[in-house]
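Below is one structure, written out as structure tokens; comments come after it.
Below, chain A is the first sequence line, B the second, and so on; all start at residue 1. All heavy atoms count here, side chains included; hydrogens, waters and symmetry mates do not.
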Amino acid sequence: MSGNGAHNVVRLVDVTKVFRMGQEEVHALRGVTLEIKAGEYMSIMGPSGSGKSTLFNMIGALDKPTSGRVFIDEVDVAQLDAYELAWLRCRKIGYIFQTFNLIQVMTAIENVTLPMIFAGMGRDEYMDKGMELLRLVGLAERFQHKPAELSGGQQQRVAVARALANDPAIILADEPTGNLDLTTGEEIISLLKELSQQRGVTIISATHDIKMINVSDRVVWIRDGRIDRIEDREKLQVSVGQVL
Amino acid sequence: MSDGFMAKSIDRQIVLPWSQVIRISFNALRARFFRSMITTSTLVLAAAFLSYTFAVYIILEGVWSAADSALQDKILSAGFTPADGHFGSTAKDRWLVVLSLLVCAVGIVNAQLMAVTERFREIGTLKCLGALDRFVIKLFVLEAAYQGLLGGTAGSILGVGTAVATLWMRFGLPVLIHLPALDLTALLVKSSALAVGLSLIGVMYPAWVAARMQPAIALRSEP
């Protein structure tokens with residue numbers, strides 16, 4: 001799925017989301033229309049409270065929009081039943097979170113292999129692939145460690161390996177560097193960039209980490225639940241100055 | 001290509017085989033041993049109370065027929081009275097047992113609700129990885145079954161053991177010689193099974209609540 005003329009892997013049409021907080025209504029998204037092409041590295045930027053994470057949840061089919069439509073691979077997510085939705089989350093999308101969200105009681109390899117177990121792989125197959133993915137993120141020798149025995153950066157690497165388990169078309173990252181120090185954050189960013197270049201995975205990342213801009217093909221700026229502006233790579237070079 | 005079609009239909013499955021459920025929930029329980037012991041302790045106490053109450057009568061019933069008149073007098077003077085020549089639980093005993101089980105059931109629902117709430121984030125993560133609602137229910141139900149089995153067995157052994165020990169101290173060696181081992185074993189099995197049942201009843205509602213959550217909401221909760 002690389003090259004020009006790639007199809008839309010994600011398409012949002014006039015998506016709104018309203019949360020009810022007691023008597024008050026909070027408009028987290030006020031009509032977002034967005035197209036994301038296959039193989040793209042896209043960052044969603046914005047201050048906290050701008051609706052970034054809500055948008056992230058919409059793209060990842062983790063929450064239902066109040067109105068509007070979300071298409072993943074041109075399939076309307078609202079039309080999917082629970083089973084198809086689970087299938088989508090298992091096979092199509094890999095999730096990475098700010099808080100890593102590894103399962104604390106499982107070892108690194110168990111965390112990485114869980115999506116493959118859900119996908120119905122046999123033991124030999126998922127163990128092989130799990131080890132291969134841990135090797136890819138540089139943690140093969142720590143496969144028996146539990147999350148609590150790993151540093152933040154290492155936990156996020158395990159999360160990246162887990163996100164790749166079923167060769168998803170999309171990797172969704174919600175503030176992937178938010179809980180990491182500068183260098184570790186950069187390592188994770190370049191790991192994601194490598195994946196996008198080598199595997200043609202679409203990377204969509206909600207962030208307010210400026211380092212992310214350097215590697216993004218496109219940056220979507222969110223403000224007050226609306227798209228403020230969308231910037232392409234060429235334009236970014238001007239605004240940021242130095243790009244890798 | 002028929003081959004391709006087959007591959008596609010295999011591709012479309014989302015599964016969590018029981019062998020994996022057994023492994024995952026066992027490991028989860030082991031990793032959270034002390035936390036789950038708190039939940040389990042309610043079951044231990046309920047099973048212990050139940051099995052103690054019935055074990056006393058089962059033991060007396062076994063000893064009574066073999067006892068000489070001196071021992072029979074001793075048993076009677078200790079306040080145990082046979083009805084129609086047999087020892088059995090009184091209506092009051094049964095009422096107490098039922099009450100204790102009711103209290104236990106409420107305690108278990110409460111404890112499981114807490115335990116499940118603590119794990120909302122984990123449940124959200126599982127769902128992001130493609131878990132169906134029923135996988136979540138399966139995992140919690142099996143963990144509860146383990147807890148019931150563990151707590152029930154421990155509690156039953158505790159209850160029966162206490163009954164044997166106290167009666168032995170009161171009435172001496174004949175209690176051990178004429179111990180109705182088979183009936184006591186049956187009691188152990190029954191009260192363990194009851195504890196499993198209670199544990200399952202207790203986890204049903206919390207597991208159902210957890211399984212139906214939208215992943216985004218489950219993930220938003222603080223750990």
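Listed options A:Asn101, A:Asn166, A:Leu102, A:Val105 were ranked by heavy-atom pairs under 4.5 angstrom with chain B; first place goes to A:Asn101. Between chain A and the options B:Pro215, B:Ala31, B:Ala28, the largest number of non-hydrogen pairs under 4.5 Å is found for B:Pro215.
Residue contact with chain B, scored on non-hydrogen atoms closer than 4.5 Å, involves the backbone and the side chain of A:Ile117 alike. Looking at A:Tyr95, the atoms closer than 4.5 Å to chain B (heavy atoms on both sides) all sit in the side chain, from C-beta outward. Both the backbone and the side chain of B:Leu126 come within less than 4.5 Å of a heavy atom of chain A. For chain B, no part of A:Phe56 is nearby; none of its heavy atoms comes within less than 4.5 Å. Within the 4.5 angstrom heavy-atom criterion, only side-chain atoms of A:Thr99, from C-beta onward, approach chain B. Using a 4.5 Å cut-off between heavy atoms, A:Asn57 contacts chain B through its side chain alone, with no backbone atom that close. Contacts of A:Glu110 with chain B are made by side-chain atoms alone, with heavy-atom separations under 4.5 Å and no backbone atom involved. Heavy atoms of A:Arg123 lying under 4.5 Å from chain B are absent altogether.
In terms of heavy-atom proximity, A:Leu88 sits nearest to A:Ala61 at CD2-CB, 3.9 Å. Taking each heavy atom of B:Gln112 and B:Gly202 in turn, the nearest pair found is CB-O, 3.9 Å. Contact between B:Cys128 and B:Leu219 at its shortest, heavy atoms only, is SG-CD1, 3.6 Å.
Side-chain contact annotation: B:Arg23 with B:Gln20, donor-acceptor N/O pair under 3.5 Å present.
In this structure a side-chain-to-backbone donor-acceptor pair under 3.5 Å is missing from A:Arg142 to A:Ala108. With hydrogens and angles disregarded, a donor-acceptor distance shorter than 3.5 Å links the side chain of A:Lys129 to the backbone of A:Ala165.
Counting heavy-atom neighbours within 6.0 Å of A:Phe19 CZ, excluding the residue itself, gives a total above 12.
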